[in-house]
Structures are given as C-alpha cells and as structure tokens.
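Just so it is clear, the structure is predicted and the values come from calculations on it, not from any experiment. Chain A is the first sequence line, chain B the second, and so forth, proteins listed ahead of strands; every chain is numbered from 1.
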Amino acid sequence: MTALEEKYTLRSFEGGHPFRVLIRTILSQRTRDENTDHASALLFSKFRTPEEIAQADIGDIEKLIVSAGFYHVKAARIKEVSQILLDEFGGKVPNTIEELLTLPGVGRKTANCVLVYGFKKPAICVDVHVHRISNRMGLVETRTPEQTEDELKKLVPRKYWLEINDLMVQFGQTICRPVNPLHDLCPVSGLCKFYLEL
DNA sequence: AAAACGGGGGC
DNA sequence: GCCCCAGTTTT
C-alpha cells in the first residue's frame with residue numbers, strides 16, 4: 001500500500017492559525033517545505049504574536065530562521081508584515097485575496113495558502129509542484145502558475161479545492177518529482193500524458 | 001522578461 | 001563537493 005492509497009486528510013499547518021500560517025508560508029518561499037519546519041518551530045517558540053515579532057530585534061529573528069534560507073530578506077519581511085497587521089488590520093490577518101496581496105512578500109501562492117490553511121476558504125494555491133503535475137498529466141496547458149490556478153478552478157469541483165493543493169504538493173515531492181518521477185509507483189500513470197508519451 | 005535573494009539535502 | 005530545489009520583488 002503506497003502512501004497515496006492511505007486515507008487522505010488535509011494537513012493542518014501551524015494549527016490552522018492564520019498568523020502562523022502566513023509567517024510560516026513566507027518562511028517556506030523558495031525553499032523546500034521540510035526545511036521550514038525547524039525555522040518555524042524556533043521562531044514561534046520565542047515570538048508568538050504580531051506584536052512580539054514587530055517589536056523583536058531583526059538580528060534575533062534572523063538567527064532563528066537561518067535554516068529557511070534567504071533569512072535576511074525573510075526576517076525583514078515578517079517583521080514588516082507584523083507591523084502592518086498591527087497598523088492597518090487591527091492585529092489580524094486579513095481573509096481576502098485582495099488584502100493579502102497588499103502585504104510585502106505575499107504573492108498569489110502565499111495568499112492562497114493563507115486562505116486555504118488559515119481560513120479554510122476555497123482557494124487553490126499553485127506552487128511549482130501543482131503547476132508541474134497539472135501540465136505533465138495534461139490537465140492543463142499553461143505557462144504560468146497563475147494560468148494553472150485559473151484553469152484548475154474551472155476543472156475541479158469547488159468542494160475538492162482544499163484537498164488538491166496539499167495532495168498535489170505531497171504527490172509532487174514523493175512521486176511526481178521534478179526529475180526522475182517514479183512512474184512505477186504512480187497510481188495515475190495510465191492517465192498521464194507525460195508518461196504515456198515517453 | 002529576467003535577474004537576484006541563501007541555505008539544505010541527494011548523490 | 002557539486003548541483004538541484006523553491007516565490008516575490010525589482011530592474
């Protein structure tokens with residue numbers, strides 16, 4: 001029985017707390033998600049709220065999150081974002097895509113992750129895994145993750161939106177890998193354009 | 001459109 | 001040790 005055949009449940013990042021999801025997702029940008037675990041745990045063991053991060057010494061934040069990579073940029077961003085949450089959003093993470101996208105360091109992928117994992121709102125966050133898998137399988141033919149998001153929203157019934165993000169990310173990290181995908185273990189190779197045209 | 005940004009892990 | 005991985009901002 002492969003991992004994909006086990007009953008699937010949506011992972012609950014950071015306990016589903018919007019602020020933690022937001023900060024954690026910024027930390028995970030451009031770095032493998034598992035590399036973010038350590039940084040996120042360290043950071044939240046010391047600072048837990050927007051107030052605490054906004055007031056923290058930037059050097060202290062950097063030390064805690066080194067393992068996430070790009071830590072100079074990310075430390076400055078999470079401090080800045082925390083301050084903006086205090087100044088403009090009453091210390092709460094906004095729950096609309098438009099508001100989230102105004103935050104520095106928050107693009108479409110991060111904003112959608114916050115909506116999905118923080119607020120359980122129907123959204124599809126397209127990272128490179130989702131983009132790659134969707135195109136390999138022939139579900140979509142798109143150049144950018146943004147186009148993939150739009151196409152998937154047309155293809156996939158709304159009630160599955162919460163699940164497909166996490167499913168595809170896990171699938172993309174384990175089986176449908178960027179190089180040397182494990183076709184023999186893949187449960188959908190029979191439907192896969194990329195595999196069938198090898 | 002393309003560069004720049006830093007560290008972890010597989011081999 | 002080398003090489004690949006991964007979003008957003010900025011030029």
Enquirer: Base, sugar-phosphate, or nothing for A:Pro104, non-hydrogen atoms under 4.0 angstrom?
Expert: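 Sugar-phosphate: the residue A:Pro104, judged by heavy atoms under 4.0 Å, touches backbone atoms but no base.
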
Enquirer: Can you check the distance between C:dT8 and B:dG9, where both ends of the measurement are the P atom (answer in whole Å)?
Expert: 22 Å

Enquirer: Which whole number of Å gives the distance between the C1' atom of C:dT10 and that of B:dG7?
Expert: 22 Å

Enquirer: Nearest whole angstrom, please: distance from the C1' of C:dA6 to the CD1 of A:Ile26.
Expert: 15 Å

Enquirer: Just to be sure I understand the rule, does A:Val73 reach a base, reach only the sugar-phosphate, or reach nothing, if contact means heavy atoms closer than 4.0 Å?
Expert: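 A:Val73: no heavy atom of the nucleic acid under 4.0 Å.
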
Enquirer: Are the side chain of A:Asp127 and the backbone N or O of A:Val130 linked by a donor-acceptor pair below 3.5 Å?
Expert: yes

Enquirer: Could you measure between the two C1' atoms, the one in B:dG10 and the one in C:dG7, and give it in whole Å?
Expert: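 Result for the C1' pair: 23 Å, nearest Å.
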
Enquirer: Just how far, in rounded Å, is P of C:dC5 from CD of A:Gln29?
Expert: 19 Å

Enquirer: According to the Watson-Crick and G-U wobble definitions, with both distances under 3.5 Å, which nucleotide is paired to B:dG6?
Expert: none

Enquirer: Decide whether A:Leu152 and A:Tyr160 are clustered together by the hydrophobic rule: side chain heavy atoms of Ile, Leu, Val, Met, Phe, Trp, Tyr closer than 4.5 Å, transitively.
Expert: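 They do share one cluster, since a chain of ILVMFWY contacts under 4.5 Å joins A:Leu152 to A:Tyr160.
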
Enquirer: Are the side chains of A:Cys176 and A:Arg136 in contact, using a 4.5 Å heavy-atom criterion?
Expert: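 They are in contact (side-chain heavy atoms under 4.5 Å apart), so the answer is yes.
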
Enquirer: From the options B:dG8, B:dG6, C:dG7, select the nucleotide whose nearest atom is closest to the side chain of A:Lys109.
Expert: C:dG7

Enquirer: Would you mind telling me which of B:dG6, C:dG7, B:dG8 lies closest to the side-chain atoms of A:Phe70?
Expert: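 From the listed options, B:dG6 comes nearest.
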
Enquirer: Look at A:His72 and B:dG7 and indicate whether a side-chain polar atom (N or O) is within less than 4.0 Å of OP1 or OP2.
Expert: no

Enquirer: For a quick check of understanding: with a heavy-atom distance under 4.0 Å over all strands, which category does A:His131 fall into, base, sugar-phosphate or nothing?
Expert: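 Nothing, no nucleic acid heavy atom in range.
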
Enquirer: Between C:dA6, B:dG7, B:dG8, spot the one nearest the side chain of A:Arg32, thanks.
Expert: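 Closest nucleotide to the A:Arg32 side chain: B:dG8.
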
Enquirer: Between C1' on C:dT8 and CD on A:Glu80, what's the gap in Å once rounded to a whole number?
Expert: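 For the pair A:Glu80 CD and C:dT8 C1', the rounded distance is 13 Å.
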
Enquirer: On the 0 to 90° scale, with breaks at 30° and 60°, tag the A:His183-A:Phe194 ring pair as parallel, tilted or perpendicular.
Expert: tilted

Enquirer: Which nucleotide sits closest to the side chain of A:Arg77: C:dT9, C:dG7, C:dC5?
Expert: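 For A:Arg77, the side-chain atoms sit closest to C:dT9.
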
Enquirer: Students often get this wrong, so: under 4.0 angstrom with heavy atoms, is A:Thr110 touching a base, only sugar-phosphate, or nothing?
Expert: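 Touches sugar-phosphate only.
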
Enquirer: Can you tell me, in whole Å, how much space there is between the C1' of C:dT9 and that of B:dG8?
Expert: 23 Å

Enquirer: What is the distance, to the nearest angstrom, from the CD atom on A:Glu34 to the C1' atom on C:dC4?
Expert: 13 Å

Enquirer: Among the nucleotides C:dG7, C:dC5, B:dG8, which one has an atom lying closest to any side-chain atom of A:Asn35?
Expert: B:dG8

Enquirer: Looking only at the side chain of A:Asp127 (C-beta and beyond, no hydrogens), which of the listed nucleotides C:dG7, C:dA6, B:dG7 gets closest?
Expert: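 The answer is C:dG7.
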
Enquirer: Between A:Lys74 and A:Arg177, just flag the one whose closest nucleotide in DNA chain B comes earlier from the 5' side.
Expert: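 Taking each residue's closest nucleotide, the earlier one in sequence belongs to A:Lys74.
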
Enquirer: Do side-chain atoms of A:Lys79 reach the backbone of A:Ile58 as a donor and acceptor pair under 3.5 angstrom?
Expert: no

